[in-house]
Trainee: 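Quick one: the structure is below, and I'll ask about it shortly.
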Amino acid sequence: MRTQSSATTASPIAVTAPGDLRGLGTVQAGLGVIAFSLTFPATAWGLESFGPWSLVAVRGVLAALVAGGCLLALRVRLPARRHLAGLAVVAAGVVLGFPMLTTLALETSTTAHAAVVVGLLPLTTAVFSALRTGARPSRRFWLAAVAGAAAVIAFTLTQSGGALTTADGYLFAALLVCAAGYTEGGRLARVMPGWQVIGWALVLCLPLGVPAAAVALAYEPVHLTGHGVAGLLWVALGSQFLGLVVWYRGMAAIGIPRASQLQLAQPLLTLVWSALLLGEHFTVAAPLTAVAVLVCIAVTQRS
C-alpha cells in the first residue's frame, strides 16, 4: 500500500443521488440503525460466554481483521500522516472506549436502561461538534440539548433510587468518548470514505487488541453458548463494522439530516429488542424518556 496523497476521491456527504438511489440509501441507513440498535442485547448475550475484557478485546480483533481484509482486497492506500491523530481519536472513542465502558455497564445495568441513557449520544455529539468546529448554534439548540440531558439524568436518578450507580458512570463516560470519536470521524469522513475511517481506526487498534485478547482470555473464564457466540459475532461484525459500512453508504446517498432522522428510532428499537430477545421488563418511564430525548434531538437538528 502507498501513502495516501493530499488529493482524495471522497467528497463531502451530500444529497445528489437520483430518486432510486436515494431509496436504496434510505434502506441502507435504516439497516445501519437496526444493526446499532442490536448492539446492547448482543453484548448482553456475549457476556453469557465471555468476561467483559475478553468480549471487548476479541470483538475488536475480529472486526479489525475483517476491516483490514477489505482494505487490502480493495487496495486502499494508507491514510495520510496528517490524518493519523484524528484516526487515533476515533479508535480511542469508538473502537476502544465506547465498547469497553458500555460492556462494563451492562454487567449490572439492563439494556433498556442503557439504551435510554445512550440515546443522548446524538445530542452529546452535536455539542462536541459545535465545540470542535467553532460553530455557534442557536439558543434553541442549547435549550433542547440541556432539556434532553436533564430528562436522561432524571430518568437515571429515578431508576437508581436517587443516586447515580457505577453503571450510570460508565454510560455517561461512554457518551463523552464516543461523541468525541464520532465528531472526529465525521470530520475525517469529509476527506475519505466513511467506511475507511472506521476501517483504519480498527486496524490501528489491532497491535493492542491481539495481546489484550490473549491476556483477557487467559484470566477470564470462557463458557461458550449459542447466545454467547452469536452475541460476539454480532457486536464484532454487525455493529462494529458492517453496520457502519451500510450507515455511511446510506448517509452518502440521502444526506446527513435525513439519515439522522432515521437514527432517532434507535433507542426505542433497542427497548423492543431487550424485551423480545432478553425478556426484560421495564417501566413506562423508559419509553417516555426515550421519546422525550428524541424530541430534543429533533429540535437540535432543526436548529
Side-chain angles (χ1 to χ4, degrees), residues 1-14 16 32 36 56-101 121 124-135 173-215 235-237 239-253 255-256 259:
M1 297 187 201
R2 293 174 294 173
T3 302
Q4 188 177 14
S5 63
S6 58
T8 61
T9 57
S11 59
I13 298 174
T16 58
F36 301 150
V56 173
V58 175
R59 162 186 177 168
V61 169
L62 290 178
L65 291 176
V66 173
C70 292
L71 292 168
L72 283 173
L74 296 175
R75 298 182 180 182
V76 177
R77 296 177 178 179
L78 290 170
R81 183 175 299 178
R82 67 182 182 276
H83 297 321
L84 293 180
L87 288 171
V89 174
V90 176
V94 178
V95 179
L96 298 177
F98 185 80
M100 187 71 257
L101 290 167
L121 181 58
T124 312
T125 303
V127 172
F128 266 74
S129 179
L131 296 174
R132 179 71 171 85
T133 61
L175 284 175
L176 296 178
V177 298
C178 190
Y182 276 3
T183 300
E184 200 64 23
R187 186 186 67 82
L188 289 173
R190 297 179 180 180
V191 295
M192 68 174 71
W195 76 269
Q196 293 182 21
V197 174
I198 187 61
W200 286 120
L202 286 164
V203 171
L204 281 178
C205 293
L206 194 57
L208 177 63
V210 171
V215 172
V235 294
L237 306 180
S239 303
Q240 192 82 66
F241 184 64
L242 296 178
L244 286 165
V245 170
V246 294
W247 171 248
Y248 279 121
R249 287 178 65 89
M251 279 202 302
I256 293 175

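These numbers come from the heavy atoms of this one structure, side chains and all, not from hydrogens, waters or symmetry mates.
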Trainee: Going from CH2 on Trp195 to SG on Cys70, what distance comes out if it is rounded to the nearest 0.5 angstrom?
Mentor: 6.0 Å

Trainee: About how many Å separate OG1 of Thr124 and CG of Leu175, when rounded to the nearest 0.5 Å?
Mentor: 4.5 Å

Trainee: Can you give me the closest heavy-atom contact between Ala57 and Ala212, atom names plus distance?
Mentor: CB-C, 4.0 Å

Trainee: Listed by chain and number, what are the side chain to side chain contact (heavy atoms under 4.5 Å, CB included) partners of Val177, not counting sequence neighbours?
Mentor: Leu101

Trainee: Please report the shortest heavy-atom distance between Phe98 and Ala174, naming the atom on each side.
Mentor: CD1-O, 3.5 Å

Trainee: Just to verify, what does Gln240 make a side chain to side chain donor-acceptor pair (under 3.5 Å) with, not counting sequence neighbours?
Mentor: Arg59

Trainee: Find the distance between CH2 (Trp200) and CG (Leu84) and round it off to the nearest 0.5 Å.
Mentor: 10.0 Å

Trainee: Identify the heavy atoms of Leu96 and Cys205 that sit nearest to each other, and give their distance.
Mentor: CG-SG, 3.8 Å

Trainee: For residues Ala63 and Ala236, report the shortest heavy-atom separation together with the two atoms involved.
Mentor: CB-O, 3.2 Å

Trainee: Leu204 and Ala88: which non-hydrogen atoms are nearest, and at how many Å?
Mentor: CD1-N, 4.2 Å

Trainee: What distance separates Leu74 CG from Gln196 CD, expressed to the nearest 0.5 Å?
Mentor: 8.0 Å

Trainee: Under the rule for side chain to side chain contact (heavy atoms under 4.5 Å, CB included), what residues qualify as partners of Val215, not counting sequence neighbours?
Mentor: Tyr219

Trainee: Looking at every heavy atom in both Leu87 and Ala201, which two are closest together, and how far apart are they?
Mentor: O-CB, 4.1 Å

Trainee: Output the distance between atom CG (Leu188) and atom OG1 (Thr183), rounded to the nearest 0.5 Å.
Mentor: 11.0 Å

